[in-house]
2 protein chains.
Amino acid sequence: MIDRNALATVLQMGFSRATGPRNIVVETVVAWEGHFSAEELCRSIPQVGRATVYRTLVSLQEEGVICRLMIDGRAPRYLLGGTQHHHHMVCTQCGSVQDIADCGVDDFVDTVAERFGYEPDGHRLEIYGRCASCIGGERVTS
Amino acid sequence: MIDRNALATVLQMGFSRATGPRNIVVETVVAWEGHFSAEELCRSIPQVGRATVYRTLVSLQEEGVICRLMIDGRAPRYLLGGTQHHHHMVCTQCGSVQDIADCGVDDFVDTVAERFGYEPDGHRLEIYGRCASCIGGERVTS
DNA sequence: CACCATATTGAGATAATGTCTCATTAAATC
DNA sequence: GATTTAATGAGACATTATCTCAATATGGTG
Ligand SMILES: [Mn+2]
Ligand SMILES: [Mn+2]
Ligand SMILES: [Zn+2]
Ligand SMILES: [Zn+2]
């Protein structure tokens, strides 16, 4: 979770006025359990305009409060916690997302970049598979 | 590149009839230099319907002839050569894409999956940075 | 080869997601 | 409270992709 006074700071996020609608978006996002799409967020706070929701999501990403997951064909999903570099493990069955704090691929990235003369500037790693609870459940999908 | 008789096989791709339109799509794709979006492909062969182009792209992915890149906000881009597992290095300046043949992160993936009780089923690694030619050029964007 | 059964196509409707405009609203300051 | 203008949001627009289903073309069959 994110602490209260950090939240106050986040609300300013490069804007010059702290507004009601943006406050609603931020409060909703930091209280969200698990990941969400932009549309799900919009639906949960219909009193806030879509434009504002999208604008705030961009700011929250820039501020490192949330991170954005591009899971294959689906719409991007957002997750709390993007302050420092990390990766994701996505369950292909239930869609849950597990944060991976340690990078573990830095050396490989540097090696490859050097080999091709690139100046590396970041990377993205996503691991797909079935999570523990989906393996356990073994429910049959008709 | 892909050899001629492999192409003939590819044309069947789970269909029961080899058709003209699909042939056009496949020929165009395998002759494409670099990466392309679905829309670019459609525009280059306007005599083929959009639905057929998209359908064939899906088949070509399933067949491992092409792979699909999800680069952040942009529309997905396609590349020849997805026969075996590999990764990508994307130039953040010119957008060019370099295939990375060796995986190099398998061990890390397995370690992490085991730690969280996942049954791993694939992963995706993308490296971002400036490519050699963009570093060299140093053209100033007004 | 002509003919048939039906797999495949494609024009256009629809869907999903996101961006943009600009009249209106409401922070912040005085 | 009045003023300034940052910020909002309704709705138009854009982009990308999927779906529908009448029309078409393919691969057999006789
Ligand atoms: Mn995360
Ligand atoms: Mn590739
Ligand atoms: Zn990393
Ligand atoms: Zn790999």
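Protein chains get the first letters and strands the later ones, always in sequence-line order, with residue 1 at the start of each.
- Annotation: side-chain hydrogen bond (donor to acceptor under 3.5 Å, both in side chains) contacts involving residues 107-118 of chain B, sequence neighbours excluded, comprise Asp102(A)-Arg115(B).
- Inter-axis angle, ends of the helix from dC1(C)-dG30(D) to dC30(C)-dG1(D), five pairs per end, rounded to 10 degrees: 20°.
- In summary, contact between chain B and DNA chain D, defined as any nucleotide atom under 4.0 Å from a heavy atom of the protein, begins and ends at dT16(D) to dG27(D) in the 5' to 3' direction.
- Under 4.0 Å is where a charged nitrogen must lie from a carboxylate oxygen, and between Arg50(B) and Glu39(B) no such pair does.
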Annotated protein contacts, base or backbone, on nucleotides 17-30 of chain C with a non-hydrogen cut-off under 4.0 Å, one of B, S, - each: SBBB-----BBS--
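- Using a 4.5 Å heavy-atom threshold, the side chains of His88(A) and Ile100(A) count as separate.
- Apart from Met70(B) itself, the hydrophobic cluster it occupies contains Met70(A), where clustering links Ile, Leu, Val, Met, Phe, Trp and Tyr at side-chain heavy-atom distances under 4.5 Å.
- Side-chain contact check for Cys91(B) versus Tyr128(B): every heavy-atom pair is 4.5 Å or farther apart.
- The side-chain contact (heavy atoms from CB on, under 4.5 Å) search around Arg17(A) returns Thr19(A), not counting sequence neighbours.
- Inter-residue side-chain proximity for His123(A) and His87(A) is flagged as met; some heavy-atom pair is nearer than 4.5 Å.
- Contact check for Tyr78(A) versus Val29(A): no side-chain heavy atoms found under the 4.5 Å cut-off.
- The minimum heavy-atom distance linking Gly81(A) with Cys67(A) is given by the pair O-SG, 3.7 Å.
- Within the 4.5 Å cutoff, side-chain heavy atoms of Ser59(A) are placed close to those of Phe15(A).
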